[in-house]
Structure formats: structure tokens, C-alpha cells
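The chains referred to below are lettered A, B, ... by the order of the sequence lines, with proteins before strands, and numbering in each begins at 1. Fair warning: this is a prediction, and the values are worked out from it, not measured in the lab.
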2 protein chains.
Amino acid sequence: MKKSLKNNSKVPATSGQSSAATAILDVAERLAQTRGYNGFSYADIAAELDVTKASLHYHFPSKEALGRALVERYRTAFAGALDAIDRSAGEPAAMLRGYVDLYRSVMANDRMCLCGMLAAEFSTLPASMQAELIRFFDMNERWLAGVLENGRRSGAFSYRESAGDRARVIIGALEGAMLVARSYRDADRFSAAAAHVLEELAAAR
Amino acid sequence: MKKSLKNNSKVPATSGQSSAATAILDVAERLAQTRGYNGFSYADIAAELDVTKASLHYHFPSKEALGRALVERYRTAFAGALDAIDRSAGEPAAMLRGYVDLYRSVMANDRMCLCGMLAAEFSTLPASMQAELIRFFDMNERWLAGVLENGRRSGAFSYRESAGDRARVIIGALEGAMLVARSYRDADRFSAAAAHVLEELAAAR
DNA sequence: GTCTATAGGTGGATAGAC
DNA sequence: GTCTATCCACCTATAGAC
């Protein structure tokens, strides 16, 4: 039985997207995180939503448009999560734990970080997606470097290199731990690496 | 002008493979490392070698067979490189530098580690390739854990977790640093992370 | 071993009816 | 907004001549 993707809800869709577009992005996001951008097709999404491919093309005319929307939304949602950490947690150590938990929840959901996945496929992606990807990593690095600076000032963290360099090390370590852990279907592998990242920064040792 | 893939050389091909198969694997390996297993086709290889797709199927009947051969050869070559380190370098610190340099040379070649790339695509791979991939990571972990144990015994390294856990952390950090650095086309990003891995283990601090 | 030719399937994408 | 129908390019793979 066909389910309509039309936005029938009384409330406006979350962020300028119709509920149909949101439903499509939700499925596409999961597929992209588990199979990669080159690993899913319009047919896969259509089958899951029980609509036709043509209907998907109405909302996202090309796969590039879909892919761009995917990364944009992911980056925006991630930025929102970082803002939430900024507002809630006080201590740099708590903020860093919050950051690591963002990754942990992705892994717990049996997914790879969308942008880590796309980084692997980078050279095959449309330029517009490549640009979005860079924005994502730059944003992460900037935010993390800020937390690291504060932590060092307050004496909570201790590290030798620049905050920016250390931020890059942490991002790479988390993405890589996730990448490998997924081949073992073992979230604990990721958590062990995440714990290491946190402990390594602790000033008292 | 067509170049024949037939093995015309007087010397036997490197390891049970015909020189034709070797040439195919060389091209396929580079494509897999830069675009992913789902990001290249028989047509890509055929165009580069100036032969037909049918000719490739003679040497590797299916893409799965090609993919399996790819990971097998990569794992064997990597094992050989680890053996070479075992024989040449004495100090655990030197051995670890040698290990990191294996990754660095992949990155310097504008490639991603084949198995890191395939780890991203893991859920879309044939079972035979998934199994090979696990063997690769297990081998790395085992070898690295041995070096870490020796280094701790000799006083060269200092770390808190088990050697196996720390080995996993290091592998993940190197794979992830490579993954992200490739989006920036910046080998220095990788080298900075690699240097961090080495310094973090140094006992004198 | 390599070719031509082709099969059968799937990819992204569009026209036009409803 | 969603459908049916269709296009064309590309995919992996095979048959059979040379």
C-alpha cells in the first residue's frame, strides 16, 4: 500500500523542508551512513518509502541535490548539537565528553559518521558535496579547538601541540575508530578508543 | 594501440600471478584506494590498460574475485613489510616509526589505505572480501601489540591500557587521520597526527 | 589471451497523465 | 505530488570467433 509523502501535518515541517523531503532525507541519510553515497540508489529509497523513483525526483531533481541536502542537514544538526553543549555543559571536560558522545550515539545506531563515510568517497563526489564536507570538518575543528584552549587555560587539559592540531588528532582518531569498529560490528571497540582520547587529555596523571 | 597483457617476460611473475593479472591488480588497486570498490568498474581498468572488459574477465571472472585478490595481495604485501621491519629495526621505537611510515607512504602516494577504504564500504562488500578485511586488521593489531609489549618491557614506551587496546587506538587514529587528510589533499595533516601517535608513547615526558 | 558482440540488469533522469 | 512509461548510459558477465 502506497504511503503519500505529501505534507499533511498541521504543523510546518522542521526546517523549511516538506515532511516528504524530510522522510526521503531520513532514509537516504541512513543508507549513506551505512552503505556510502555510491552504495545506494533512488530505487533503494523508493522501495523503503513505497513510492516511485519519479516521485523522489520531484523533491530532489538530481542525486547531487539530494547528496548536498544530506550533508547540509547533517552539518546543521551537528552544529545545533554543539550549540547545545555550549549552553548546557560548563567544564571543558564535560563538553569534550558531550562531543565524544555525539560520535558514540552515531555508532550505537549502527552507522558511520556521514561525513567520515563521504570522506572515503571524496574524490568521487560532486564538487558541491566536497565543499560541504570541508565545512563540516572545519566547523568541528574550530569548535573543538575552542574547548581545548579553555581546558588548557583552566588546567583541566594538558597537551603539547596547538589546540588546532590537537583537535585534528582527536577528530581523526574518532572517525578512524568508528571506521574500523564498524567492520567488527563492535561498538565497544569505538568506546575504548573514545575513552583513550578523553584520558589522554586529563591534566592529572 | 593495444598493449597485450600476456606474460611475455622470461622471469616468472612475482607471486603465482601472471604479469597480466598483476597489471590488472595494480590499476584496480589504485582505483580502489582512491575511489573505493563501488567507485570503479571493469570499464575503468580496461580503458587504462587499453584492453577490453572481456579480457579482464578472463583473468578475474567476477568483480568479487578481483576484489578478493586485491585485498589478499595487499594483506600479503603488508605482512611482508612488517616482516622486513622485524628483521631490520631493533628498537621498538624504530619499529613503530617504520610502521607509521608504511601509512605515510600510502598517503604520499595520494591514496587511502585500501583496507580503510574498504572498511567504509564494508556492508556492501561480498562476504569473502569482508573476511579478508578482518584478517588484515587482526594482523595489524597482533603485530603492533607485540611491538608495544616489547617497548613497555624495555622502558621505551609508556601506556596504561593493554597492548592490544592501545594497538587498536593507534590503528584507528592512523586510518582516521588519513581519511580526513585526504579530503584536504594535505599529507601534512596526516604526518602531524602520525607524529602525535609516536610522541604519545614515548616514556620520557 | 584477447577480441567482437551481446545479454540482462540497474543507474539517474524526464515527459506527460492524473 | 505522485504516477506510468520510457530513455539512455553504464554495469557485470558470457558466448564464440580468432
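Nucleic acid contact for B:Phe40: sugar-phosphate only, since backbone atoms but no base atoms lie under 4.0 Å from a heavy atom of the residue.
Residue A:His59 places its side chain closer to D:dG1 than to any other of D:dG1, C:dC3, D:dC11. Nearest nucleotide to the side chain of A:Lys63, out of D:dT12, D:dC3, C:dA13: C:dA13.
Rounded to a whole Å, the NZ atom of B:Lys53 is 11 Å from the C1' atom of C:dA7. Taking atom CG of A:Asp44 as the reference point, atom C1' of C:dG12 lies 13 Å away to the nearest angstrom. For A:Phe60 and C:dG12, the CZ to P distance is 15 Å, given to the nearest whole Å. Between the CD1 atom of A:Ile45 and the P atom of D:dT2 there is a distance of 14 Å, given to the nearest Å. Atom NE2 in B:His57 sits roughly 13 Å away from atom C1' in C:dT2 (whole-Å rounding). Atom C1' of nucleotide D:dC10 and atom CG of B:Leu56 are separated by 16 Å, given to the nearest angstrom. Atom CD1 of A:Ile24 and atom C1' of D:dT2 are 11 Å apart (whole Å). One interatomic measurement links the two molecules: OH of A:Tyr58 to P of C:dC18, which rounds to 19 Å at whole-angstrom precision.
The side chain of B:Ser55 places no N or O atom within less than 4.0 Å of a non-bridging phosphate oxygen (OP1 or OP2) of C:dG1. OP1 or OP2 of C:dT10 has not a single side-chain nitrogen or oxygen of A:Ser41 nearer than 4.0 Å.
At a threshold of 4.5 Å between non-hydrogen side-chain atoms, the residues A:Arg111 and A:Met178 do not count as touching.
For B:Asp110 and B:Thr34, the side-chain atoms include no donor-acceptor pair closer than 3.5 Å. Under the 3.5 Å distance criterion, with hydrogens and angles disregarded, a donor-acceptor pair is assigned to the side chains of B:Ser128 and B:Arg68.
With DNA chain D read from its 5' end, the first of the two nearest nucleotides for B:Tyr37 and A:Ala54 is the one closest to A:Ala54.
Taking the six-membered ring for Trp and thresholds of 30 and 60 degrees, B:Phe78 and B:Tyr99 have ring planes more than 60 degrees apart, a perpendicular arrangement.
Relative to the six-membered ring of B:Tyr159, B:Arg152 meets both conditions, a distance below 6.0 Å and an angle of at most 45° to the axis.
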